[in-house]
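Chain naming here is simple, since letters A, B, ... match the order of the sequence lines and numbering starts at 1 in each. Atoms considered below: every heavy atom in the structure, side chains included; atoms not considered: hydrogens, waters and symmetry mates. Everything numeric here is computed off the predicted structure, so don't read it as measured data.
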Number of protein chains: 2
Amino acid sequence: MLKESILRYKEKGFKLTPQRIAIFEYLDGNTSHPSAEDIYKGVKEKYPTISFATVYNTIQALRDKGEVLELMIDSKRRHYDPNVSPHHHTICMKCNKIGDMFFDFAEKVVLRDEHLSGFEVLSSQINFYGTCGDCL
Amino acid sequence: MLKESILRYKEKGFKLTPQRIAIFEYLDGNTSHPSAEDIYKGVKEKYPTISFATVYNTIQALRDKGEVLELMIDSKRRHYDPNVSPHHHTICMKCNKIGDMFFDFAEKVVLRDEHLSGFEVLSSQINFYGTCGDCL
DNA sequence: TTGGCTGCAAAATATTTGCAGAACA
DNA sequence: TGTTCTGCAAATATTTTGCAGCCAA
């Protein structure tokens, strides 16, 4: 991970411990939509003494600062996405892989009042369920 | 709940116990997107000896037969929707209320290959986050 | 009659919390 | 140095499971 990226976290107010840097590195550019356990296991390889509490604490700090999104995709456990730019997800019902779909919903669709009935939309997440290319 | 509705469940292969009928009645036309605990509490009023295991068992049976959908909305607990016709949801970030939005995504938007990259979409769920009319 | 359902309790899983010691700033 | 973070363990919350007895078909 580049020093500039690390410094960006520092500027955002993160206290930079080695554990946190290991988590930042694990998440940087990661498109696998990991769960807390995935992050724990992945970071444990490089930093064997890390604890679950630290993973959860760091995820929480990242969420608070808008550096990570919690995905509403898997009812069994939470998954996280370090890509916070607006996009959506595909979920393969065969292999359970979560993929990214870059598609600007707001650009394509204008919601009309009849749909909204007074609700003010700030953001949206779309889950597309189906079969991925590998499984087809 | 109408007798015909009850009979429909019977035809679908449900063994009709009083507990199950109480759950069917609780869910029938329910637009509150209840959690398992909500269902448990609601049914307990009319059927005080019901257990959590029965609620979970019945939800599972309903899901298997396509009579109830599990919503990917709340990372803390699962919510269920007895309305299985295609629709989406609004989540108020102030009061946490889950609302329905009837909007045919497939009708409005044609996903192009560039977005799909080999993924075959079978269904979709959209979560709209924002503020509901009551909270505005 | 019997296979499936219920209720109880225990287990499993995921996440949160309390706290003493460590370490970043 | 002081505040924040870490790691451990215990607590909490949700969902699942095992099993003996019950009951709808």
(message) Any salt bridge linking A:Arg77 with A:Glu37? Criterion: basic side-chain nitrogen under 4.0 Å from a carboxylate oxygen.
(response) no
(request) Respond yes when some side-chain nitrogen or oxygen of B:Gln19 is under 4.0 Å from OP1 or OP2 of C:dC5, and no when none is. (result) no
(message) Side chain of A:Asn57 only, heavy atoms from C-beta on: which candidate in D:dG7, D:dA25, D:dT6 is closest?
(response) D:dT6
(message) Taking A:Leu71's backbone N and O only, do any of them form a donor-acceptor pair with A:Asp81's side chain (distance below 3.5 Å, no angle check)?
(response) no
(message) Can you work out whether B:Glu37 or B:Leu16 has the more 5'-proximal nearest nucleotide on DNA chain D?
(response) B:Glu37
(request) Would you indicate which nucleotide in C:dT15, D:dT16, D:dG7 comes nearest to any side-chain atom of A:Thr49? (result) D:dG7
(message) Is the phosphate of C:dT16 approached by A:Tyr56 (side-chain N or O, under 4.0 Å from OP1 or OP2)?
(response) no
(request) Please find out if less than 6.0 Å separates the ring center of A:Phe24 from that of A:Tyr9. (result) yes
(message) How many whole angstroms separate atom CZ of A:Phe14 from atom C1' of D:dC5?
(response) 13 Å
(message) Using OP1 and OP2 only, check whether a side-chain N or O of A:Thr17 sits under 4.0 Å from D:dT6.
(response) yes
(request) Look at B:Arg8 together with B:Glu4 and state whether they make a salt bridge at an N to O cut-off of under 4.0 Å. (result) no
(request) Take the protein atom OH of B:Tyr9 and the nucleotide atom P of D:dA25, then report the distance between them rounded to whole Å. (result) 16 Å
(request) Assess whether one donor atom and one acceptor atom, taken from the side chain of A:Lys15 and the base of D:dT3, lie less than 3.5 Å apart. (result) yes
(message) I need the CZ-C1' distance between B:Phe52 and C:dG7, as an integer number of Å.
(response) 13 Å
(message) For D:dT6 and A:Ser51 - does any side-chain N or O of the residue sit under 4.0 Å from the phosphate oxygens OP1/OP2?
(response) no
(request) Specify the separation, in whole Å, of atom CG of B:Leu7 and atom P of D:dA24. (result) 16 Å
(request) Measure from CD1 on B:Ile59 to C1' on D:dT16 and round the result to the nearest Å. (result) 12 Å
(request) Considering non-hydrogen atoms only, spot the tightest contact between B:Met72 and B:Gln125 and give its length. (result) N-OE1, 3.7 Å
(request) In whole angstrom, give the distance that lies between atom CD of B:Glu70 and atom C1' of D:dT16. (result) 14 Å
(request) Give the nucleotide from the list D:dA24, D:dT15, C:dA14 with an atom nearest to the side chain of B:Ala36. (result) D:dT15
(message) Just the rounded figure in Å: distance from C1' of D:dC23 to OH of B:Tyr47.
(response) 10 Å
(message) If you compare every side-chain N and O of B:Arg78 against the phosphate oxygens of D:dT16 (OP1, OP2), does one of them come in below 4.0 Å?
(response) yes
(request) Look at the aromatic rings of A:His89 and A:His33 and report parallel, tilted or perpendicular, splitting at 30° and 60°. (result) perpendicular
(request) Kindly point out which of D:dA25, D:dT6, C:dA25 is positioned nearest to the side chain of A:Arg20? (result) D:dT6
(request) Could you tell me the separation between the CG atom of A:Asp64 and the C1' atom of C:dT16, rounded to a whole number of Å? (result) 14 Å
(message) What's the closest nucleotide to the side chain of A:Thr58 if the choices are D:dT6, D:dA9, D:dT17?
(response) D:dT6
(message) Just N and O in the side chain of B:Arg77: are any of them under 4.0 Å from OP1 or OP2 of C:dT13?
(response) no
